[in-house]
Amino acid sequence: MSKEVFDELLGKVGPLITKVDTHLRMSIGPAERLAICLRYLATGDSYATIAFSYRVGRSTVAVIVKEVAGAIWTALVEECMPVPQVEDWRAIAAGFQERWEFPNCVGAIDGKHVVIQAPANAGSLYFNYKSTHSLVLLAVVDAEYLFRVVDVGGFGRSSDSGSLRNSAFGESLRDGSLQLPPDTVIAGSERRGPLPHVFVGDEAFPLLDNLLRPFPGRHLTRERRLFNYRLSRARLVVECAFGILSTQWRMLRRVITTSPEVTELCVKAACVLHNFLRRKTIDMPSRTPIARSTDEVTPTLCDAPRMGSNNATRQSIQQPETFCSYFNEEGAVRWQANVV
């Protein structure tokens, strides 16, 4: 992070983290408070190490990290990670079509386990299949490796399918309140009729009307293997985004020893900072929040209740076959025959 970018970030976050001086002591300035939090996110060092580096108390570092991480999310989320609207989804679909030759794709979805120290009296709630304790970061990523939707805080024992089912995004996906664009006819494939806009995920996710996953099994036909290749090619953007995120913010490569609540704040701050920095790299302007009338209800992703089974509908079962036929006929690319 350059000095200019740090100063810009300080201008956005500074008003939320500035403390008042008193007759008893001078407060720690917003620049130093922001630097302490960024140091923790970027290195994952212990509070004691950071406290020694900045000549402040260990408990002071703990308070600063919690407050500043929350302030970073509050200050940047509306600018760098707003709730996508119809035009945003269309722009994402155009990006996947241009870069990954996957039409009507509005995002790649996957989960990442953030390793934490086992919380007290938590039992096996956070114990995952990798034999570590973790929180689940569920994310939707666009073609430019930007996080569009994140859900942090799922128990490590949950699978990707369970994390999606219990998340606000999963509830909105099921009840159709995501404001996805209407079904669209793919250029050159008019005979197939309108196809829905879909998210792409791996085998761990359920098959939904707006969520595609690969065909399961090993003994597949060549056509289905080509579909799995094209879907995996588009889905890899979320894996790459997680790699970029953990490389920049190395807190995610260590065992995080803070409480689950503080860990959730830090992970959300790292995700929104990832978007803040990446938009400057790709020269992509942040979306300016649009002023709305007081009568309108601002769309948000609300907390979701527990859901039932993951049984697929007849339409969701038919859609992979339709996309499979498209990728093997008019949607084929010249090199796919050499890959599969």
Side-chain angles (χ1 to χ4, degrees), residues 84 86 88-111 139-146 148-149 160-161 164 169-170 173-174 176 178 180-243 310-340:
V86 176
D88 299 319
W89 292 125
R90 285 199 178 99
I92 295 173
F96 272 97
Q97 175 65 48
E98 179 182 357
R99 298 195 64 174
W100 306 108
E101 289 88 17
F102 200 108
N104 287 17
C105 178
V106 289
I109 183 172
D110 200 6
V140 174
V141 178
D142 66 11
E144 299 287 348
Y145 309 103
L146 292 171
R148 290 308 184 114
V149 178
D160 286 347
S161 176
L164 176 66
F169 172 77
L173 182 62
R174 287 177 178 274
L178 280 180
L180 295 177
D183 296 356
T184 305
V185 176
I186 301 175
S189 184
E190 290 77 9
R191 63 187 179 87
R192 302 186 187 278
L195 293 178
H197 288 77
V198 296
F199 298 91
V200 292
D202 57 19
E203 298 88 347
F205 289 98
L207 191 59
L208 303 176
D209 291 348
N210 296 102
L211 178 59
L212 289 182
R213 49 168 287 176
F215 287 109
R218 295 186 177 182
H219 304 289
L220 300 175
T221 62
R222 180 178 177 80
E223 289 76 15
R224 290 192 170 188
R225 284 188 286 120
L226 282 170
F227 169 81
N228 285 357
Y229 162 70
R230 295 290 295 274
L231 185 143
S232 298
R233 183 170 177 267
R235 191 192 63 81
L236 279 180
V237 295
V238 66
E239 304 285 359
C240 294
F242 284 148
N310 285 330
N311 296 334
T313 63
R314 184 175 302 176
Q315 178 183 358
S316 62
I317 295 175
Q318 180 61 33
Q319 283 171 4
E321 297 290 351
T322 304
F323 277 92
C324 179
S325 299
Y326 169 78
F327 287 135
N328 282 276
E329 296 176 15
E330 62 268 21
V333 292
R334 61 181 182 278
W335 66 82
Q336 68 182 27
N338 300 325
V339 176
V340 179

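- To the nearest 0.5 Å, the span separating CD on Gln318 from SG on Cys324 amounts to 11.0 Å.
- The backbone N or O of Asp110 sits nowhere less than 3.5 Å from a side-chain atom of Arg235 that would complete a donor-acceptor pair.
- Closest of all the heavy-atom pairs between Ala139 and Val238 is O-CG2, 4.2 Å.
- Distance check: Leu231 CG to Cys105 SG gives 8.0 Å after rounding to the nearest 0.5 Å.
- Looking only at side-chain heavy atoms (C-beta outward), Arg224 and Glu321 come within less than 4.5 Å of each other.
- Surrounding CD of Glu98 are at most 12 heavy atoms belonging to other residues, nucleotides or ligands under 6.0 Å away.
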Show the numbers, then the answer: is there a side chain to side chain contact (heavy atoms under 4.5 Å, CB included) between Asp142 and Val237?
-> CA-CA 7 Å; Asp142 66 11; Val237 295; over 6 Å; no
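- Results of the side-chain contact (heavy atoms from CB on, under 4.5 Å) test with Pro194 over Ile186, Asp183, Thr184 single out Asp183 as the only residue that passes.
- Counting all heavy atoms, side chain and backbone alike, Val149 lies closest to Phe169 at CG1-CD1, 3.9 Å.
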Given Tyr326 and Leu195, is the side chain to side chain contact (heavy atoms under 4.5 Å, CB included) satisfied, shown in steps?
-> CA-CA 11 Å; Tyr326 169 78; Leu195 293 178; 5.5 Å; no
Could you check Leu220 against Phe227 for side chain to side chain contact (heavy atoms under 4.5 Å, CB included), going step by step and ending with a plain yes or no?
-> CA-CA 10 Å; Leu220 300 175; Phe227 169 81; over 6 Å; no
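- Contact between Ala332 and Arg230 at its shortest, heavy atoms only, is CA-NH1, 4.0 Å.
- Nearest heavy-atom pair across Gln336 and Phe327 is NE2-O, 3.0 Å.
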Start with the C-alpha distance between Leu212 and Phe102, add both sets of side-chain angles, then the distance that settles side chain to side chain contact (heavy atoms under 4.5 Å, CB included), and finish with yes or no.
-> CA-CA 12 Å; Leu212 289 182; Phe102 200 108; 4.0 Å; yes
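- Smallest separation of non-hydrogen atoms from Phe205 and Gly111: CZ-N, 4.3 Å.
- Although no hydrogens or angles enter the test, the distance criterion places a donor-acceptor pair under 3.5 Å between the side chain of Asn210 and the main chain of His197.
- Counting all heavy atoms, side chain and backbone alike, Leu164 lies closest to Pro206 at CD2-CD, 4.2 Å.
- Distance check, rounded to the nearest 0.5 Å: OG of Ser232 to CD of Glu203 gives 7.0 Å.
- Side-chain contact between Phe323 and Arg192: absent, with no pair of heavy atoms (C-beta onward) separated by less than 4.5 Å.
- Although no hydrogens or angles enter the test, the distance criterion places no donor-acceptor pair under 3.5 Å between the side chain of Arg213 and the main chain of Gly201.
- Using a 4.5 Å heavy-atom threshold, the side chains of Asp209 and Pro196 count as separate.
- For the pair Arg148 (side chain) and Ile92 (backbone), a donor-acceptor distance under 3.5 Å is absent.
- The main-chain N or O of Gly188 is found under 3.5 Å from a side-chain atom of Glu190 such that the two form a donor-acceptor pair.
- Taken to the nearest 0.5 Å, the CZ atom of Phe215 stands 7.5 Å off from the OG1 atom of Thr221.
- Separation of atoms CG (Asp202) and CG (Asn228) is listed at 11.5 Å; rounding is to 0.5 Å.
- With hydrogens and angles ignored, the 3.5 Å screen pairs a side-chain donor or acceptor of Asn328 with a backbone N or O of Glu223.
- Judged by distance alone, the side chain of Trp89 and the main-chain N or O of Leu178 form a donor-acceptor pair under 3.5 Å.
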